[in-house]
Amino acid sequence: MPHRRPKPSIVLGAVAALAVATPFAVSGMTNGTSDVRAANETTDAIAAIAPQIAEVVLANAPDVVIPLQDLTGLNLPDLSVKELVEGLPAVTPAPNPDATGLVDRIGATVKEISGDNPFSMVALAARDVAATDALIRSQHEDGTWSPWTKTDPIESSRTDTASDTRGGTEPIYVGLTRAVQVLLTPRPGPEPTLAGAEAPAPAPAEAPAPVPAEGPVPAEAPVAAPQGPAPDLGYVPASSSRPLRAQEPAAALADDVTAVLINPGSGPSDAHLSDVASPIGGNGPKVITRAQWGADESLRCDEPTYDDSLGGATVHHTAGSNDYSKAESAEIVRAIYAYHAQTLGWCDVGYNVLVDQYGQIFEGRAGGLDRPVQGAHAGGFNENTVGIAMMGDYSSLTPPQVTLDAVGKFLGWRLAKAGLNPKGHTTMYSEGTSFTPYPQGAAVDLPIIFAHRDVGNTSCPGDAGYAQMNKIRDIAAAAAAGAGPSLPDPSLLTSDGSSPVPPNSAGAPSTGSAENAQGLVTELLRLTDNSPLAQKWIAEGGDVGRLGAALSGILQSKSGFQHAQFVNGAIYTSPNGGVWTVLGEIYKAWQAFGLDEGELGLPTSDEYRVPDGWRSDFEFGSLIFNEVTGAVTKVLRAYNDAYEESLRTAPPTEAASADAAPAPAPAPEAAPAPEAAPAPAP
């Protein structure tokens, strides 16, 4: 089903909570907050922890001694930039085949930043980092240095409709330190991707999503000929032919790039957050709320933006380091929050959800995990998506099973809330931006759960992470199947499998005075007068009617029609101008035949009585539920005339008899066995 255009004028799910006339529900009409988040945040909140951020312009940091063996793998003596310019010792080791090759490229600059105050997260920010490769390493307490870690760009802006004045890289967790070194290398020639971004890998054969074509590999930058005799090293080190300050690209980068040093602080509860987390929505996975991980809400500078509905989920990795403890996970989340909100000016964390390598799930962007809060995580596709990020770099390392389980279980719960099939497909529309290869307005066919690289100029969530996408979808589908609302007592079901309308009156709530109930219904009608789907639902009795509670907002059907999903069925608009309800066993059978995209097409009637059961009509046929046998029979349009003629010509006593068999239609096709029909999408 397509998402993001056109937008419905009313979100049916927004009025679902109003259909139960209790004092709690009535008061809920005025607060508009998320019930799920409120339920999770009643206890176990910790004091807010305010991260400390310092920024250093790289041009102000000194050039440092460059241990070339750290850059190339060659066992060479340490050489300063000045020595590189003035001449090198006559050392001729054999090149290492595993060398990174970074020193073979023009413009490498190494800056060291140190201070008295410790920090544990580092990022780079600039007006434009599109033409830069960058590596970062940190100093240990014993004076040794960590391995170099490649930076990855942030492939989004605060919104898809406005450009940020400042871009940056994903923050890297380096552990508590007081010194880092930054190596910048200007890329030769223009490239569409940001710092450190790898070319997108092709999608696996089973993935239907179009994957951005891999761009041309940029040629290695030519190395200028030495001015005078050069030492015979077997290669030409960067900067040996020209003074560092004469390298204009490198100098310009250092002048523009800022190192962002973040101390997220620590709290006594950081190591025990999984103990205080509670299941989201009562039946979802455990989630550590913002209050529990110590979000400083004063950093937020704007209210959440809510989309009209949820159309899909985007899977990310945060890149950077995988070397962090369970207690340090909360620090990383706080640091990302502060960096996104303050340094980049996004007012909040970009991801809706973050999951660490220990399976802990952290609430990200504020606004309610059960609501369609628009994030900032996939430029061009932020609208109508939920962004979930695996904390770590999964370019070559496979995400731990506990991480995959947590990601899948959360997405299963969230997509079930939206009435989406985790293994289904959708069409989304690009908002353009420089972060995606799809121009504004382009329709993109995607899995409901897709990877960032499927829509962006990025390798996110890494090759190893991307290889697990089908496993994530399987876990999500299993979770969604178990996350659906509890079914009514079978002894209370009507013949069509739906919940009976309470005997007091259709649409009247089971509690509260008639005056209050009438006032609530009047208010609902006022709020939903532009939505025929909502009007139909209210007429059916709302939450306490035979359809039950709403499971989705207004969703798009084929040919521009609309529908909404409920516990016991669905309501669809139709080509004949009507708004029709499909219920119970007939709805299950229709699902098995492909819903509106199947051979029956859209519904054209409510269900109505026929001998021995119920019948619903569709564009190209009918479904007939037999109360005696429990079977649902499909009758295509070719047979409908004969079937209806047999009803018209049957003796009146036979047509009215509850025991008489229905008149046979020529060659009707039996619906799949009930157990084979999928349950209604939650």
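- Ion pair Asp152/Lys150 flagged as a salt bridge, since at least one NZ, NE, NH1 or NH2 atom sits closer than 4.0 Å to an Asp/Glu carboxylate oxygen.
- Here the shortest heavy-atom pairing between Glu170 and Tyr351 reads OE2-OH, 2.9 Å.
- For the pair Asn384 and Ser309, the minimum side-chain heavy-atom distance is below 4.5 Å.
- Taking the ring centre of Phe119 as origin, the terminal cationic atom of Arg178 falls outside the region bounded by 6.0 Å and 45° from the ring axis.
- Atom-to-atom distance recorded for Asn352:CG and Thr385:OG1 is 7.0 Å, nearest 0.5 angstrom.
- Here the side chain of Arg300 pairs no donor or acceptor atom with the backbone of Cys347 at under 3.5 angstrom.
- Checked by atom type, the side-chain pair Tyr324/Asp356 shows no donor-acceptor distance below 3.5 Å.
- Looking at Lys417 and Ser552, their side chains never bring a donor and an acceptor atom within 3.5 Å of each other.
- Of the possible polar contacts, none joining the Arg365 side chain to the Pro304 backbone as a donor-acceptor pair under 3.5 Å is found.
- Using a cut-off of 4.0 Å between Lys/Arg side-chain N and Asp/Glu carboxylate O, Arg371 and Asp307 are scored as not salt-bridged.
- With a 4.5 Å cut-off on side-chain heavy atoms, Gln401 and Lys471 count as touching.
- In this structure, CD in Gln360 is found 13.5 Å from CH2 in Trp293, a value given to the nearest 0.5 Å.
- A salt bridge links Asp474 and Lys423; the closest N-O separation between the charged side-chain nitrogens and carboxylate oxygens is under 4.0 Å.
- Counting heavy atoms from C-beta outward, Ile280 and Leu369 have side chains that approach closer than 4.5 Å.
- Checked by atom type and distance alone, the side chain of Thr436 never pairs as donor or acceptor with a backbone atom of Gly456 at under 3.5 Å.
- A donor-acceptor contact shorter than 3.5 Å is absent between the side chain of Tyr339 and the backbone of Val260.
- With values rounded to the nearest 0.5 angstrom, Met121 atom CE is found 12.5 Å from Leu176 atom CG.
- Between Arg166 and Ala125 the shortest heavy-atom distance is NE-CB, 3.7 Å.
- No donor-acceptor pair closer than 3.5 Å links the side chain of Ser269 to the backbone N or O of His272.
- For the pair Ser430 (side chain) and Tyr438 (backbone), a donor-acceptor distance under 3.5 Å is present.
- In terms of modelled atom types and a separation under 3.5 Å, the side chain of Thr258 and the main chain of Val57 share no donor-acceptor contact.
- Separation of atoms OG1 (Thr318) and CD1 (Ile332) is listed at 7.0 Å; rounding is to 0.5 Å.
- With 3.5 Å as the limit, one finds no donor-acceptor pair spanning the side chains of Gln374 and Asn382.
- Between the CD1 atom in Ile448 and the CG atom in Leu420 there is a gap of 5.0 Å [rounded to 0.5 Å].
- Residues Phe362 and Thr289 are not in side-chain contact: their nearest non-hydrogen atoms beyond the backbone lie 4.5 Å or more apart.
- At distances below 3.5 Å, at least one donor-acceptor pair connects side-chain atoms of Thr169 with backbone N or O atoms of Leu124.
- For the pair Leu310 and Leu415, the tightest heavy-atom approach, listed with the atom from each and the gap, is CD2-CD2, 4.1 Å.
- With rounding to the nearest 0.5 Å, the separation of OG in Ser146 from CZ in Arg137 is 7.5 Å.
- Using a 4.5 Å heavy-atom cutoff, the side chains of Met391 and Ser329 are in contact.
- Counting heavy atoms of neighbouring residues, nucleotides and ligands inside a 6.0 Å radius, atom CG of Asp142 exceeds 12 of them.
- Under 3.5 Å, the side chains of Asn263 and Asn117 contain no donor-acceptor pair of N or O atoms.
- Closest of all the heavy-atom pairs between Tyr394 and Gln357 is OH-CB, 3.8 Å.
- Contact check for Pro62 versus Lys111: no side-chain heavy atoms found under the 4.5 Å cut-off.
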Open item on the list: Let's go through Asp296 and Tyr337 carefully: what are the C-alpha distance in whole Å and the side-chain angles of both, what is the deciding distance for side chain to side chain donor-acceptor pair (under 3.5 Å) to 0.1 Å, and is it a yes or a no?
Closed with: CA-CA 9 Å; Asp296 181 0; Tyr337 169 43; over 6 Å; no
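- A salt bridge does not link Lys326 with Glu331: every distance from a Lys NZ or Arg NE/NH1/NH2 to an Asp or Glu carboxylate oxygen is 4.0 Å or more.
- A salt bridge links Arg290 to Asp348: one of the charged nitrogens lies within less than 4.0 Å of a carboxylate oxygen.
- When all heavy atoms of Thr426 and Pro447 are compared, the pair lying nearest together is CG2-O, 4.3 Å.
- Other residues, nucleotides and ligands contribute only 12 or fewer heavy atoms inside 6.0 Å of the CG atom of Asp323.
- Contact of the Pro399 side chain with the Gln468 side chain is registered, since non-hydrogen atoms from C-beta on lie closer than 4.5 Å.
- For the pair Ile388 and Leu354, the minimum side-chain heavy-atom distance is 4.5 Å or more.
- Between Lys286 and Asp275 there is no salt bridge, since no side-chain nitrogen of the basic residue lies less than 4.0 Å from a carboxylate oxygen of the acidic one.
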